[in-house]
Amino acid sequence: MTDATLLPSRGASDALAIADGVIESLALPADGIRVDDPATGDEIARIPDLDVDAALDAVVRADRAGRDWARTTPRQRADVLHAWWQLLIDHTEQLAHLITREMGKPLAEARGEVKYGTDFVRWYAEEAVRPGGGFREAPDGGAHIITRRAPVGLAVLITPWNFPLAMATRKIAPALAAGCPVVVKPATLTPLTTIYAVQLAVQAGVPEDLVRVVTTSSSSAFSEAVLRDARVRKVSFTGSTPVGKTLLSLASENVLRCSMELGGNAPLLVFDDADLERAVAGTVAAKLRNGGQSCIAANRIYVQEGIADDFVEALAERLGQATVGSGFDPETTVGPLIDDRAVRQMRELAQEAIEHGAVSRAGGATPAGAGNFFAPTVLDHVPASSRIAQSEIFGPIAAVQRFRTEDEALERANATEFGLAGYVFTESLDRAFAVADRLETGLVGINQGVPSNAAAPFGGVKQSGLGREGSAEGLEEYQSIRFYNIAQRSRA
Ligand code: NAD
């Protein structure tokens with residue numbers, strides 16, 4: 001068993017200087033909500049703590065700007081989105097350093113998030129000129145029906161801390177492409193990337209008030225006031241299922257269109273006929289991306305008995321080689337967790353599983369030093385009844401259970417109220433499709449651990465959510481379908 005090594009939690013000074021230069025350019029106030037670097041615990045900025053009046057003022061302003069925006073042509077909206085995309089790409093390094101500074105992920109992964117996050121802006125710049133609509137004929141020939149897509153109206157977007165750029169662009173870009181104004185509330189743990197990206201949007205030609213960022217420490221007061229405002233027509237939320245349920249019930253008062261990207265509890269199935277190398281690499285990617293702090297992270301790893309010993313050994317070796325430390329250190333492969341609560345949660349989950357019979361194969365130790373670090377850990381023979389097998393881990397613990405048959409694996413994989421992502425590793429094409437078809441999830445990675453893509457309609461079933469983000473379906477979330485019925489002379 002090899003424990004991960006901890007590198008100095010302070011990154012190279014050049015990298016910090018780039019991040020801090022961007023923060024300075026944001027012209028933030030001297031007081032307000034404190035934003036910390038999770039790798040050092042240092043305060044890096046203060047952001048405005050806006051009250052309900054300020055949030056409602058943002059709604060009024062966005063609504064006003066939205067009236068002109070709704071009348072722009074698809075091509076005008078596409079051009080503005082293209083210009084925003086180009087500016088974001090030109091500022092890749094600034095964005096990546098800012099993400100690492102406020103969220104902690106290794107710089108290489110932050111660059112990956114910039115690529116992934118900007119892909120949505122590019123995709124919806126291209127999609128804006130295809131707003132949809134169609135023509136149908138009434139069965140009795142007595143009418144022609146034309147369908148049109150109209151912007152749904154003012155959209156309130158609430159985002160989490162784990163992908164500060166991508167979760168914002170995945171909502172803002174389709175809203176703008178459809179012709180909607182936006183009020184966006186980023187997580188207070190990682191607000192800076194959204195603030196910066198929206199400043200770049202304005203530089204690129206997005207009208208000043210069309211996208212308003214609201215930062216606040218009272219998120220419930222914010223949602224209670226804003227979602228009850230008659231100008232608001234849509235809420236799109238990414239975050240935990242309990243908060244999603246609260247927002248759904250609030251949204252019902254104003255009968256808002258809702259998109260909910262909620263919690264996950266992804267099963268990952270490795271069959272005896274899997275390519276071992278590919279299965280281990282895919283599991284490492286699905287587990288360690290963002291330090292496991294991803295809604296589609298592999299949560300319950302089910303391995304068939306014939307391959308289990310080899311798989312666990314190889315996985316433990318790979319995770320044991322991880323280098324934990326500041327995201328600015330080029331050798332770091334796993335950054336800090338978002339806060340000390342997350343570290344405590346990892347310790348408690350691992351300890352409880354071990355007390356109930358799980359066997360630790362790698363990690364387990366928390367590296368010493370400032371920052372919220374937890375070494376990637378592999379637990380084998382995890383009992384299905386333990387807390388780690390039932391809750392969303394949201395950290396770098398690979399919890400392995402073993403199974404005998406395909407039916408048994410599927411029954412256990414589907415025994416959850418969540419249904420966001422699932423993974424299948426097998427070299428059999430038949431089995432891959434048969435298992436993917438029976439997994440009760442919105443998306444399935446087949447022989448691969450990173451299934452997200454701007455071209456894919458991301459979203460969950462069951463209590464993992466409503467609606468889809470990305471692809472053409474993501475645009476529809478911000479459109480209302482209308483039809484015109486044109487009377488036709490009877491042909492009878
Ligand atoms: P969270 O639910 O605590 O917070 C998400 C956002 O909601 C934050 O901006 C927070 O300030 C805000 N919020 C909290 N209570 C609110 C309220 N009453 N009214 C309005 N806003 C409120 O989640 P988190 O800890 O930031 O993120 C982790 C969770 O998000 C995990 O469960 C993860 O699975 C989920 N997630 C889902 C997806 C997905 O696409 N399905 C993507 C990323 C994260």
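Indexing begins at 1, ligand by ligand and atom by atom, following the structure's order. These numbers come from the heavy atoms of this one structure, side chains and all, not from hydrogens, waters or symmetry mates.
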Colleague: Please check if the side chain of Thr241 supplies one atom and the backbone of Gln463 the other of a donor-acceptor pair under 3.5 Å.
Modeller: yes
Colleague: Kindly identify the option in Glu224, Lys185, Gln293 whose heavy atom sits closest to atom 10 (C) of ligand 1.
Modeller: Lys185
Colleague: How about CD on Glu24, more than 12 heavy atoms from neighbouring residues, nucleotides or ligands closer than 6.0 Å, or not?
Modeller: no
Colleague: Quick check: Phe458 and ligand 1, any N/O pair under 3.5 Å apart?
Modeller: no
Colleague: Given 3.5 Å as the limit, does a donor-acceptor pair link the side chain of Asp51 with the main chain of Asp53, or not?
Modeller: yes
Colleague: Pull out every atom of ligand 1 sitting under 4.0 Å from any heavy atom of Asn162, numbered as shown with elements.
Modeller: 43 (C), 44 (C)
Colleague: For the side chain of Thr100 and the backbone of His97, is there at least one donor-acceptor N/O pair under 3.5 Å apart?
Modeller: no
Colleague: Just need the protein heavy atom nearest to atom 41 (N) of ligand 1, so name the residue and atom and give the distance.
Modeller: Leu262 O, 2.8 Å
Colleague: Ignoring hydrogens and geometry, is there a side-chain-to-backbone donor-acceptor pair from Arg46 to Gly32 under 3.5 Å?
Modeller: yes
Colleague: Report the part of Phe237 in contact with ligand 1, treating N, CA, C, O as backbone and CB onward as side chain, heavy atoms under 4.0 Å; options are side chain, backbone, both, neither.
Modeller: side chain
Colleague: Among all protein heavy atoms in this structure, tell me which lies nearest to atom 31 (C) of ligand 1, with the distance rounded to 0.1 Å.
Modeller: Glu392 OE1, 3.5 Å
Colleague: Need the ligand 1 atom indices (1-based, order shown) with element for anything under 4.0 Å from a heavy-atom of Phe394.
Modeller: 28 (C), 31 (C), 33 (C), 34 (O)
Colleague: Give a yes or no on whether the backbone of Ile393 and the side-chain of Asn299 come within a donor-acceptor separation of less than 3.5 Å.
Modeller: yes
Colleague: Which residue owns the protein heavy atom closest to atom 27 (O) of ligand 1, what's the atom, and how far is it?
Modeller: Pro160 CB, 3.6 Å
Colleague: For ligand 1, which atoms sit closer than 4.0 Å to a heavy atom of Thr159?
Modeller: 6 (C), 8 (C), 9 (O)
Colleague: Between Glu473 (side chain only) and Pro457 (backbone N and O only), is there a donor and an acceptor less than 3.5 Å apart?
Modeller: no
Colleague: Under 4.0 Å from a heavy atom of Arg170: give me the atoms of ligand 1 that qualify, with their elements.
Modeller: 40 (O)
Colleague: Using a heavy-atom cut-off of under 4.0 Å, does the side chain or the backbone of Leu189 touch ligand 1, or both, or neither?
Modeller: neither
Colleague: With a cut-off of 4.0 Å, which atoms of ligand 1 are near a heavy atom of Leu420?
Modeller: 41 (N)
Colleague: For ligand 1, which atoms sit closer than 4.0 Å to a heavy atom of Ser223?
Modeller: 17 (C), 18 (N), 19 (N), 20 (C)
Colleague: Going by the order shown, which atoms of ligand 1 are within less than 4.0 Å of some heavy atom of Leu247?
Modeller: 19 (N), 20 (C)
Colleague: Does ligand 1 have any atom sitting under 4.0 Å from a heavy atom of Phe222?
Modeller: no
Colleague: Taking N or O atoms only and a 3.5 Å limit, does Ser240 qualify as a polar contact for ligand 1?
Modeller: yes
Colleague: I'd like to know if the side chain of Thr216 and the backbone of Leu50 have a donor-acceptor N/O pair within less than 3.5 Å.
Modeller: yes
Colleague: Does an N or O anywhere in Ser219 fall below 3.5 Å from an N or O of ligand 1?
Modeller: yes
Colleague: Mark whether atom 4 (O) of ligand 1 lies under 4.0 angstrom from at least one protein heavy atom.
Modeller: no
Colleague: Name all residues meeting the side chain to side chain donor-acceptor pair (under 3.5 Å) criterion together with Glu440; count only those two or more places apart in sequence or in a different chain, and write none if there are none.
Modeller: Lys462
Colleague: Give the residue, atom name and distance (to 0.1 Å) of the protein heavy atom nearest atom 36 (N) of ligand 1.
Modeller: Cys295 CB, 3.5 Å
Colleague: Please say whether Trp161 places an N or O atom under 3.5 Å from an N or O atom belonging to ligand 1.
Modeller: yes
Colleague: What part of Val243, side chain from CB on, backbone N/CA/C/O, both or neither, has a heavy atom under 4.0 Å from ligand 1?
Modeller: side chain
Colleague: Determine whether a donor-acceptor pair (N or O, by modelled atom type, separation under 3.5 Å) exists between the side chain of Arg233 and the backbone of Val255.
Modeller: yes
Colleague: Among all protein heavy atoms, pick the one closest to atom 12 (C) of ligand 1 and tell me residue, atom and distance.
Modeller: Ile158 CG2, 3.8 Å
Colleague: Specify the protein heavy atom at minimum distance from atom 35 (C) of ligand 1: its residue, its atom name, and the distance to 0.1 Å.
Modeller: Gly239 O, 3.2 Å
Colleague: Taking the inter-plane angle between the rings of His82 and Trp85 on a 0 to 90° scale, is it parallel (under 30°), tilted (30 to 60°) or perpendicular (over 60°)?
Modeller: perpendicular
Colleague: Give the atom numbers and elements of ligand 1 that come within less than 4.0 Å of a heavy atom of Gly264.
Modeller: 34 (O)
Colleague: What is the minimum heavy-atom distance between Ile354 and Ser360, and which atoms define it?
Modeller: CD1-CB, 4.1 Å
Colleague: So does Lys171 pair up with Glu469, basic N to acidic O under 4.0 Å?
Modeller: yes
Colleague: My understanding is that only one of Leu268, Leu379, Thr283, Val303 makes a side chain to side chain contact (heavy atoms under 4.5 Å, CB included) with Val400; could you say which?
Modeller: Val303
Colleague: Looking only at heavy atoms, is any part of Phe163 under 4.0 Å from ligand 1, and if so is it the side chain, the backbone, or both, or is it neither?
Modeller: neither
Colleague: Assess the side chains of Ser259 and Lys234: does a donor N or O sit below 3.5 Å from an acceptor N or O?
Modeller: yes
Colleague: Considering only heavy atoms, does Glu469 approach ligand 1 within less than 4.0 Å through its side chain, its backbone, both, or neither?
Modeller: neither
